[in-house]
Amino acid sequence: MEDAFIRHVELLGYEKRFFPSQHYVYMFLVKWNDLSEKLVYRRFTEIYEFHKALKEMFPIESGDINMENRIIPHLPAPKWFDGQRSTQNRQGTLAEYCYTLINLPHKISRCLHVVNFFKVRPDDMNPVTDSQNRKPEVFLLPTDAKKNSTDITGPIVLQTYRAIADYEKSSTSDMALKAGDMVDVVEKSESGWWFCQLKNKRGWVPAAYLEPMDGPDESEEQEPNYAGKMW
């Protein structure tokens, strides 16, 4: 059986979360060699620690011996306080970092350190939350503006869909549904599976089980409200 490896990592944007305290996580769509696609969330401090360990594993390719031999991309260190502005501005660098990383020689791009970092974790599927706190705000990077992080959207109002029938999950990455459940759609895959969230649960659901709510475009017509938002 062929070992798992990553074909592509795409930065989708980031989430502003409010539990256990306000913080930011980047959203990555990870495409694997078995053609599966998984959504994972990582804080920048985690990404930077991963990067430092990778450099230690490959000192020649990191340029530690001779800078001319460096092929592992650079990544800026986290700021003392990572707010929304730094989270947003870092997206272009992070998207380019992931692209370069996955296209490095296989001994690096397919090593266990890389594979394990991007594997789905339990909190990717079911993030720790508190029903009394605000829902995460999602900021998506437009498809046609991947290289221009200044084009980041305001907080996205995720589209809400209704389950038209019960769905029993068939794998750990799926999410079970009951007819009438209202879910927010985070990511729509061309495979016909959508990544949804329902309260504190997240997972993939067949799109055929979902129907849009009446007037799904109304929220898209409204101007975003930035009152009180800290940039």
Side-chain angles (χ1 to χ4, degrees), residues 1-17 23-124 138-153 187 189-190 195 231:
M1 183 176 178
E2 187 178 20
D3 291 336
F5 66 86
I6 299 166
R7 296 184 298 114
H8 182 66
V9 175
E10 180 179 352
L11 175 66
L12 299 180
Y14 64 91
E15 276 193 0
K16 180 180 183 180
R17 296 184 175 177
H23 63 283
Y24 299 88
V25 293
Y26 289 101
M27 306 165 56
F28 296 97
L29 182 65
V30 184
K31 301 182 180 181
W32 295 85
N33 60 311
D34 63 359
L35 303 184
S36 63
E37 298 182 0
K38 308 295 184 183
L39 199 62
V40 301
Y41 300 82
R42 300 289 183 267
R43 291 195 188 202
F44 186 71
T45 49
E46 292 180 271
I47 300 169
Y48 189 72
E49 289 302 316
F50 155 83
H51 170 69
K52 288 200 303 181
L54 186 70
K55 288 177 60 182
E56 292 175 1
M57 293 172 62
F58 299 98
I60 295 176
E61 292 81 357
S62 296
D64 288 350
I65 299 172
N66 186 337
M67 277 302 296
E68 293 182 359
N69 295 326
R70 178 161 189 161
I71 57 175
I72 290 178
H74 293 271
L75 194 66
K79 296 180 181 297
W80 176 255
F81 172 75
D82 269 331
Q84 185 158 342
R85 183 180 295 276
S86 58
T87 300
Q88 174 177 318
N89 292 343
R90 195 187 287 124
Q91 289 184 115
T93 299
L94 198 51
E96 184 176 342
Y97 177 87
C98 291
Y99 176 83
T100 304
L101 175 67
I102 300 305
N103 285 281
L104 290 175
H106 290 177
K107 71 173 185 177
I108 302 176
S109 62
R110 299 187 181 184
C111 73
L112 279 177
H113 182 61
V114 173
V115 169
N116 289 337
F117 182 74
F118 286 104
K119 278 185 177 178
V120 175
R121 304 171 182 170
D123 58 351
D124 291 321
V138 181
F139 296 77
L140 297 180
L141 196 60
T143 304
D144 59 352
K146 293 297 182 186
K147 295 185 178 180
N148 187 359
S149 61
T150 60
D151 288 342
I152 194 70
T153 64
E187 172 69 18
S189 171
E190 294 178 358
F195 194 80
W231 294 97

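Numbers for residues simply follow the sequence, beginning at 1. Everything quoted here is computed from the prediction, not taken from an experiment.
The neighbour count for Ile60 CD1, taken as heavy atoms of other residues, nucleotides or ligands under 6.0 Å away, does not exceed 12.
Under the 6.0 Å distance and 45° angle rule, Arg90 does not count as a cation-pi partner of Tyr26.
In this structure, the separation between OH on Tyr48 and CG on Leu94 is 13.5 Å, given to the nearest 0.5 Å. Taken to the nearest 0.5 Å, the CG atom of Leu12 stands 8.5 Å off from the OH atom of Tyr41. Distance check, rounded to the nearest 0.5 Å: OG of Ser62 to NE2 of His51 gives 7.0 Å. The CD1 atom of Ile108 sits 11.5 Å away from atom OG1 of Thr100, with the distance rounded to the nearest 0.5 Å. Taking CE of Met27 as the reference point, atom CG of Leu39 lies at 5.0 Å (rounded to 0.5 Å). Taking CE of Met57 as the reference point, atom CG of Leu112 lies at 8.0 Å (rounded to 0.5 Å).
Counting heavy atoms from C-beta outward, Leu29 and His8 have side chains that stay 4.5 Å or more apart. A 4.5 Å side-chain heavy-atom check between Leu101 and Val9 finds every atom pair outside the cut-off. No side-chain heavy atom of His74 sits less than 4.5 Å from a side-chain heavy atom of Thr93. When side chains are defined from C-beta on, Val30 does not count as touching Phe117, because their heavy atoms never get closer than 4.5 Å.
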Between Trp32 and Lys119, does the side chain to side chain contact (heavy atoms under 4.5 Å, CB included) criterion hold? Intermediate values first, please. CA-CA 10 Å; Trp32 295 85; Lys119 278 185 177 178; 3.9 Å; yes
Verdict with supporting geometry, Phe58 and Cys111, side chain to side chain contact (heavy atoms under 4.5 Å, CB included): CA-CA 11 Å; Phe58 299 98; Cys111 73; 4.2 Å; yes
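Considering all non-hydrogen atoms of both residues, Tyr97 and Leu54 come closest at OH-CD2, 4.3 Å. Here the closest non-hydrogen pair linking His113 and Phe50 is NE2-O, 2.9 Å. Of all the heavy atoms in Cys98 and Phe28, the pair that sits closest is SG-CE2, 3.6 Å. Here the closest non-hydrogen pair linking Phe139 and Lys16 is CE1-CB, 4.1 Å. The minimum heavy-atom distance between Ser109 and Leu104, with the atom names listed, is OG-O, 3.1 Å. Nearest heavy atoms, Val115 versus Arg110: CG2-O, 3.9 Å.
Between His106 and Phe5, the angle of the ring planes stays under 30°, which puts this pair in the parallel group of the 30/60° scheme.
Applying the salt bridge (Lys or Arg N to Asp or Glu O under 4.0 Å) test to residues at least two apart or on different chains, the pairs with a partner in residues 36-46 are Arg42-Asp124, Glu46-Arg121. Contacts classified as salt bridge (Lys or Arg N to Asp or Glu O under 4.0 Å) and involving residues 59-78 (residues at least two apart or in different chains) are given here: Glu61-Lys107.
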